[in-house]
2 protein chains.
Amino acid sequence: MIPIIAIDLRNPKPIYEQIKDKIKQLIIFGALKPDEKLPSVRELAQTTSINPNTIQKAYKDLESDGFIYTVSGRGNFVAPSPKKADSKRLEELYATLRATVGELSYLGVPEKNITEVVQNTISNSRPQGGNKV
Amino acid sequence: MIPIIAIDLRNPKPIYEQIKDKIKQLIIFGALKPDEKLPSVRELAQTTSINPNTIQKAYKDLESDGFIYTVSGRGNFVAPSPKKADSKRLEELYATLRATVGELSYLGVPEKNITEVVQNTISNSRPQGGNKV
DNA sequence: TAAGTGTACTATGAATGTTAGTACACTTAT
DNA sequence: ATAAGTGTACTAACATTCATAGTACACTTA
């Protein structure tokens with residue numbers, strides 16, 4: 001079962017982006033298991049008090065990004081394995097990584113603190129392929 | 001002198017955000033030195049073909065974030081040292097770091113590749129306080 | 001004085017995000 | 001077959017944001 005998805009209406013980030021991000025996190029860090037069913041568009045719309053169209057947009061994006069798959073008439077489910085790494089997306093992620101780490105370092109955060117967070121994050125992310133914990 | 005700032009009009013990210021990000025990068029990675037003068041609002045507007053109001057908004061944000069300082073009638077200059085780390089901003093950066101590293105790992109990028117980028121980025125970022133290269 | 005600088009303000013148009021409502025095809029269980 | 005639940009598509013309306021255009025004023029420097 002999916003945990004509560006909290007939406008912050010004061011956050012300037014679009015609601016459908018917030019939903020996408022939260023669900024991605026739940027999948028990446030293993031709170032949602034492969035092939036597990038996600039709440040339906042209408043159900044999640046009701047529990048979050050968000051318009052169904054907005055939920056649908058989030059789900060649609062998640063599907064085209066390969067995080068979930070859709071079966072018409074049945075629902076949305078967690079993709080068992082991530083889509084083949086899109087090189088465009090990878091470049092975006094690397095650019096974000098450099099910008100974020102650069103700013104943290106610039107602000108005086110010691111290298112040790114940064115690498116520690118990186119290590120822990122990798123350890124906690126969902127194992128893929130032959131990766132074992 | 002500031003390098004060329006390229007704006008991608010097809011990028012959905014707002015222009016003033018793109019400008020902010022580029023200048024931040026130039027400061028963080030040392031291409032712009034402390035107290036170096038930035039191009040004036042009107043000058044940068046002309047070289048980029050962007051409206052002066054948009055440039056002004058980017059500069060204003062950069063100043064309130066502590067990356068540059070403004071002297072009325074003279075211009076904008078690179079801040080000699082970063083503002084005291086705003087804890088709210090730090091939390092945002094850590095959240096972004098976790099999300100980015102998590103997704104990279106989930107997509108199958110080996111830990112080695114990720115940590116390598118992190119190390120290189122820290123090495124190349126502008127040294128602060130007592131940090132030596 | 002003149003040129004260059006930051007700043008403030010109003011107005012306008014375009015794009016985006018969100019909601020509302022309706023409708024239809026599909027799947028499952030009764 | 002029927003009903004309930006599912007994804008999906010579409011139009012319409014509204015609010016907000018982004019970007020531009022134009023004008024004006026105070027400041028600094030030569």
Side-chain angles (χ1 to χ4, degrees), chain A residues 1-2 5-24 27 32 35-80, chain B residues 1-2 5-24 27 32 35-80:
Chain A
M1 180 51 71
I2 203 170
I5 291 190
I7 302 301
D8 180 5
L9 295 177
R10 291 174 309 177
N11 188 330
K13 179 175 285 193
I15 296 174
Y16 77 92
E17 292 273 7
Q18 292 186 45
I19 294 170
K20 280 174 56 180
D21 287 345
K22 307 241 176 183
I23 293 181
K24 277 171 63 171
I27 293 174
L32 287 172
D35 295 314
E36 183 172 344
K37 186 176 183 305
L38 295 170
S40 75
V41 169
R42 290 173 180 80
E43 181 188 347
L44 188 53
Q46 212 167 32
T47 62
T48 56
S49 303
I50 301 297
N51 190 283
N53 292 326
T54 305
I55 309 290
Q56 187 195 343
K57 181 166 188 177
Y59 277 9
K60 194 177 174 185
D61 282 10
L62 285 168
E63 198 210 4
S64 68
D65 288 346
F67 286 93
I68 67 177
Y69 63 93
T70 301
V71 183
S72 187
R74 293 200 52 213
N76 291 278
F77 305 85
V78 176
Chain B
M1 181 50 72
I2 204 169
I5 291 191
I7 301 301
D8 180 5
L9 294 178
R10 291 174 310 178
N11 188 330
K13 180 176 284 196
I15 297 175
Y16 77 93
E17 291 273 7
Q18 293 186 46
I19 296 171
K20 279 174 58 181
D21 288 345
K22 307 241 176 183
I23 294 182
K24 276 171 63 172
I27 294 174
L32 287 172
D35 294 315
E36 183 172 344
K37 186 175 182 304
L38 295 169
S40 76
V41 169
R42 289 173 181 80
E43 180 188 349
L44 187 54
Q46 211 166 31
T47 61
T48 56
S49 303
I50 301 297
N51 190 282
N53 291 327
T54 304
I55 309 290
Q56 187 195 346
K57 180 166 188 177
Y59 276 9
K60 194 177 173 187
D61 282 10
L62 284 168
E63 198 211 5
S64 68
D65 288 345
F67 286 92
I68 68 177
Y69 64 94
T70 302
V71 182
S72 187
R74 294 200 53 213
N76 290 279
F77 305 84
V78 176

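Excluded from the calculations below are hydrogen atoms, water molecules and symmetry mates; all remaining heavy atoms, backbone and side chain alike, are included. Sequence lines set the chain letters: A, B, ... in the order given, protein chains first and strands last, and positions in each chain run from 1.
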Nearest to side-chain heavy atoms of [X], which nucleotide of [options]:
X	options	answer
B:Thr70	C:dT5, C:dT19, C:dT7	C:dT7
B:Asn53	D:dA24, D:dG7, D:dA21	D:dA21
B:Gln56	C:dC24, C:dT18, C:dA8	C:dA8
B:Pro14	C:dT19, D:dC18, C:dG6	D:dC18

Within this structure, what is the [atom1]-to-[atom2] distance between [X] and [N], rounded to whole angstrom?
X	N	atom1	atom2	value
B:Ile7	D:dC18	CD1	C1'	14 Å
A:Asp61	D:dT8	CG	C1'	15 Å
A:Leu62	D:dT8	CG	P	12 Å
A:Lys13	D:dT17	NZ	P	16 Å
B:Ile19	D:dA19	CD1	C1'	11 Å
B:Asn51	D:dT23	CG	P	13 Å
A:Gln46	C:dT19	CD	P	14 Å

Hey, which of these two, A:Ser49 or A:Val71, hits DNA chain C nearer its 5' end, going by closest nucleotide?
A:Ser49
Taking OP1 and OP2 of [N], is either one under 4.0 Å from a side-chain nitrogen or oxygen of [X]?
X	N	answer
A:Arg74	C:dC26	no
B:Lys57	D:dA19	no
B:Tyr16	D:dA19	no
A:Asn76	D:dG7	yes
A:Lys60	D:dT8	no
B:Thr54	D:dA19	no
B:Ser40	C:dT5	yes

Check the surroundings of atom NZ in A:Lys60: do more than 12 heavy atoms from other residues, nucleotides or ligands lie under 6.0 Å from it?
no
Any chance CD of B:Glu17 has more than 12 other-residue heavy atoms, nucleotides or ligands included, within less than 6.0 Å?
yes
pair [X]-[Y]: side-chain heavy atoms closer than 4.5 Å:
X	Y	value
B:Ile23	B:Phe67	no
B:Leu9	B:Ile15	yes
A:Gln18	A:Asp8	yes
A:Leu44	A:Leu38	no

Ion pair check, B:Asp21 and B:Lys13, cut-off under 4.0 Å
yes
How close do B:Lys20 and B:Asp61 get, counting heavy atoms only, and between which atoms?
NZ-OD2, 3.3 Å
Identify, between B:Pro52 and B:Arg42, the residue whose nearest nucleotide on DNA chain D lies closer to the 5' end.
B:Pro52
Could you write out DNA chain D as a dot-bracket string, with dots for unpaired bases, | for bases paired across to another strand, and Watson-Crick or G-U pairs counted at under 3.5 Å?
||||||||||||||||||||||||||||||
